[in-house]
Amino acid sequence: MKRSKRFEKLEKMPINSDGFSYEWVDVGLVTMESPNDPNPSIRIENGRIAEMDGKERKDFDSLDKFIADYGINVAEAERSMGIDSLAIARMLVDIHVSRQEIVKICSGCTPAKLVEVINHLNVVEMMMAQMKMRARKNPANQAHATNLDDNPVLIAADAAEEALRGFAEVETTCALARYAPFNAIALMLGAQTGRAGVLNQCSMEEATELELGMRGFTSYAETLSVYGTETVLIDGGDTAYSKAFLASAYASRGIKIRFTSGTGSEVLMGNAEQKSMLYLEVRCLFLTKACGVQGIQNGSINAIPLVAALPNGFRAIAAENLIASMLNIEVAAGNDTAFTHSDFRRGVKLAMQFMPGTDYITSGFGGIPNLDNVFAGSNEDCDDYDDFYVLQRDMKVDGGIKPIKEEDAIAVRNMAAKVCQTVFRHLGLPEITDEEVEAATYAYCYTDMPPRNKAEDMKAATDMMERGITGFDIVKGLHENGFEEIAERVMNMLKQRVIGDYLHTSSVLDENFKVMSAINNQNDYMGPGTGYRLSDERWAELKEKFNALKPQDI
Amino acid sequence: MEKLNANTDYPLYEKHPELIKTQTGKSIDEINMENILSGKVMPSDCRISAETLVYQAEIQESFGNPAIGANFRRAAEMTRIPDDRIIQIYNRMRPHVSTKEELLAIAEELETQYDAKINAALLRETAEVYEERKMFRVD
């Protein structure tokens, strides 16, 4: 065939480097509305659920049973299940129906019922509903700080810059697992240097995460994965019951957690029971609720290349975020995995959570170059800051971060690197040189850093844990070496874990360590003039564009 | 004392700081720089108490989230269990790791050693479900 020059050009566009697939129900390659998704149903006998979504209690697997026993409000169930799904769908976009009323109805719904509700919505309706149903009134954002070399000085500097930009949470992980204690400490120090009260976590396997939290090196944990089929949950090394115990273990040490799930993960793990990805994800959300866990990180997460390859991919992801909010769960909404070669496409993906706002719009934004992102690369990274800011400015939308001046970023990065250097010295860890401090201050990525002796670092990290070092040692080290204010901040973070106010739904801390959660910052959106509106002060921050033309320049 | 309420008693630290004690019975504001530097408060003081977790549970229960309340009540009991033992128990609860007898023994331990009745009940229920679903270790 003689080729069309336009079609030839189109083939070479970035979008056509992405992978796409037709639906394939038999293996669960369907985002929404699999013909095998169950129809909603409920039967209650003696105050207990005897049938749920077409399955009799005797046929329940462990996940069904846990959801039926702990995840559904039996007192509301018959009323909720009796309301037509289309009617509930309409309430979601009806400004006269409050969030609280919908949360109450949803508390008595089964997984299949909420899926049926959501299937009625198009994406704009989902976004409208998300704006209303987000648990916390003020939106916020989260950032990743990692690098390929696990360089702790660079992590500290990056976290400080992210905190200064306004991220409410920062998250790190390791390329090499034995670096975890260093990365966790560096992240905490950097974050507290950038802005008091930023929450921090180090994503590792469950037991290590808990250990880091118990030591006072992290303030929350997020990488507690759940899956929507019993088989995959077991393959992941857990059951509903072990996860419930683990959740309480964290709370017993005053550490905030959220679970992680996402459409597509069951297919990737090879057992989707021919159900739609959304239906299985909704089971994860019910499991989260049943465990009494306040929040979820979802939005497909690292399965997004698969979900986005299928029809309805973005819509399914918007739906899973929304259903979490309908269940009154905090949502850290994904947008955290590179999945497309097309800038056009990744921007639109972000917009679906950015415009309505979620508790955390991304989970997280790579505050580092893509190549340094040990979480396989985010949908946004540090090269995108100005795009993000301009979109906030274009639309008067609060995406949770604000423009900063280069000199302020340099100053805070330098200070964080010095703070890290001081703490390392105080704890007897391998030296951080002045050359490293200088490099971290101005670095773009890990290749700008002098290489460290990794074997020595990892040995020292293990030794530090064996010596029983805790957050208290860090506080002392900071205070005794001229960083009184940072010492005070780290101490206040430790104090939060004794108070427990930040264990509640959708919590963040402001710069005075005042907690703001779904309880004292309830989303009260009921149409124009209500809900979250940018204050004049906030708008002044967000519309700042340092290189924009000023009237006096003309 | 009357149960706490989300609308009037939260955040606890602002509304009722006097109610917040560390696990060792110190008042929350004793966790301060002076006391840390002098060694008057230790890391072992910097732990949430069972009472505080029960207050936080009451707040969630009044807010219509009984499951979160239940989580905090399990957690309140767990404040009495050492760190290492908690991690061990969690690992024993993973699928295909323990036998029925082992899980029931843990339930017994939770109840008798740590006065953790809610958690003991969770372990017993876990044993029951694992039996139905064949999730015990097979030697």
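For the numbers below, each heavy atom of this structure counts, side chains included, while hydrogens, waters and symmetry mates do not.
When side chains are defined from C-beta on, A:I499 does not count as touching B:T52, because their heavy atoms never get closer than 4.5 Å. Side chains of B:Y90 and A:D238 form a contact here, defined as non-hydrogen atoms less than 4.5 Å apart. In this structure the side chain of A:I234 reaches within 4.5 angstrom of the side chain of B:H96, judged on heavy atoms.
When the candidates A:K289, A:E488, A:M516, A:Q294 are compared by the number of heavy-atom contacts under 4.5 Å with chain B, A:E488 comes out ahead. Put simply, of B:P43, B:A50, B:S49, B:G69, the one with the most heavy-atom pairs under 4.5 Å next to chain A is B:P43. Interface remark: of the candidates A:K104, A:H504, A:E480, A:Q522, A:H504 forms the most heavy-atom pairs closer than 4.5 Å to chain B.
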side-chain hydrogen bond (donor to acceptor under 3.5 Å, both in side chains), that's the test. Do A:K514 and B:Y13 meet it? Break it down for me.
CA-CA 9 Å; A:K514 207 167 127 56; B:Y13 187 54; over 6 Å; no

As a quick check of understanding, evaluate side-chain hydrogen bond (donor to acceptor under 3.5 Å, both in side chains) for B:Q56 and A:D501, giving each step before the final call.
CA-CA 7 Å; B:Q56 301 292 9; A:D501 283 333; 3.0 Å; yes

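Checking side-chain atoms of B:R94 against main-chain N and O of A:G237 turns up a donor-acceptor pair under 3.5 Å.
A:A290 touches chain B through its backbone: at least one of N, CA, C or O sits under 4.5 Å from a heavy atom, while the side chain does not.
Take B:K100 and apply the salt bridge (Lys or Arg N to Asp or Glu O under 4.0 Å) test, not counting sequence neighbours, and it matches B:E131.
Salt-bridge formation is detected for the pair B:E125/A:K65: a Lys NZ or Arg NE/NH1/NH2 atom is positioned less than 4.0 Å from an Asp or Glu carboxylate oxygen.
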